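Just so it is clear, the model here is predicted, and its values are computed rather than measured.
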Amino acid sequence: MVGPLSAVELAGRLGISQGAVTHLLRRLEKRDHARRTSDPEDRRRVAIELTDAGRDTVVAHVLPMLRDLDALAARMSRRSGEAVIAYLDGSTTALLALAGAEFPPAP
């Protein structure tokens, strides 16, 4: 949703190898969810971007989840919400530390 990205950039964001990105991209292209384009500034660089169909699929799957999460948050007290945020922040930091990543990730 933030693209276009190079295969290297996409691999880094997803935490997978470039080979896995290539395999994933083939599958997404077959479903018309993603496409490869040439970078206008560097014709050697291939950029990967979502197609309109891919964007529609993401929205169709993610939007209901976001609505459910919003409804859940609306039912929580402020104190409960703060406790959930503290737990998620702490567990995310612990998991990233275990993986050797920095938090927040460097731009």
Quick check for you: to the nearest 0.5 Å, what is the distance between [X] atom [atom1] and [Y] atom [atom2]?
{"X": "L50", "Y": "H33", "atom1": "CG", "atom2": "NE2", "result": "9.0 Å"}
{"X": "E49", "Y": "T37", "atom1": "CD", "atom2": "OG1", "result": "4.5 Å"}
{"X": "L25", "Y": "Q18", "atom1": "CG", "atom2": "CD", "result": "12.5 Å"}
{"X": "S91", "Y": "L96", "atom1": "OG", "atom2": "CG", "result": "9.5 Å"}
{"X": "D32", "Y": "T51", "atom1": "CG", "atom2": "OG1", "result": "4.5 Å"}

Who are the salt bridge (charged side-chain N to carboxylate O under 4.0 Å, His left out) partners of R45, not counting sequence neighbours?
E9, D39
Side-chain heavy atoms under 4.5 angstrom apart, residues restricted to Ile, Leu, Val, Met, Phe, Trp, Tyr: same cluster for [X] and [Y]?
{"X": "V84", "Y": "Y87", "result": "yes"}
{"X": "I48", "Y": "L14", "result": "yes"}
{"X": "I16", "Y": "L28", "result": "yes"}
{"X": "V58", "Y": "L69", "result": "yes"}

Checking side-chain contact (heavy atoms from CB on, under 4.5 Å) between V59 and each of T57, V62, L63, D56, which is the one that passes?
L63
Can you check whether R55 reaches D52 side chain to side chain, under 4.5 Å on heavy atoms?
yes
Could you list who else is in L72's hydrophobic cluster, with ILVMFWY side chains joined at under 4.5 Å, directly or through other members?
none
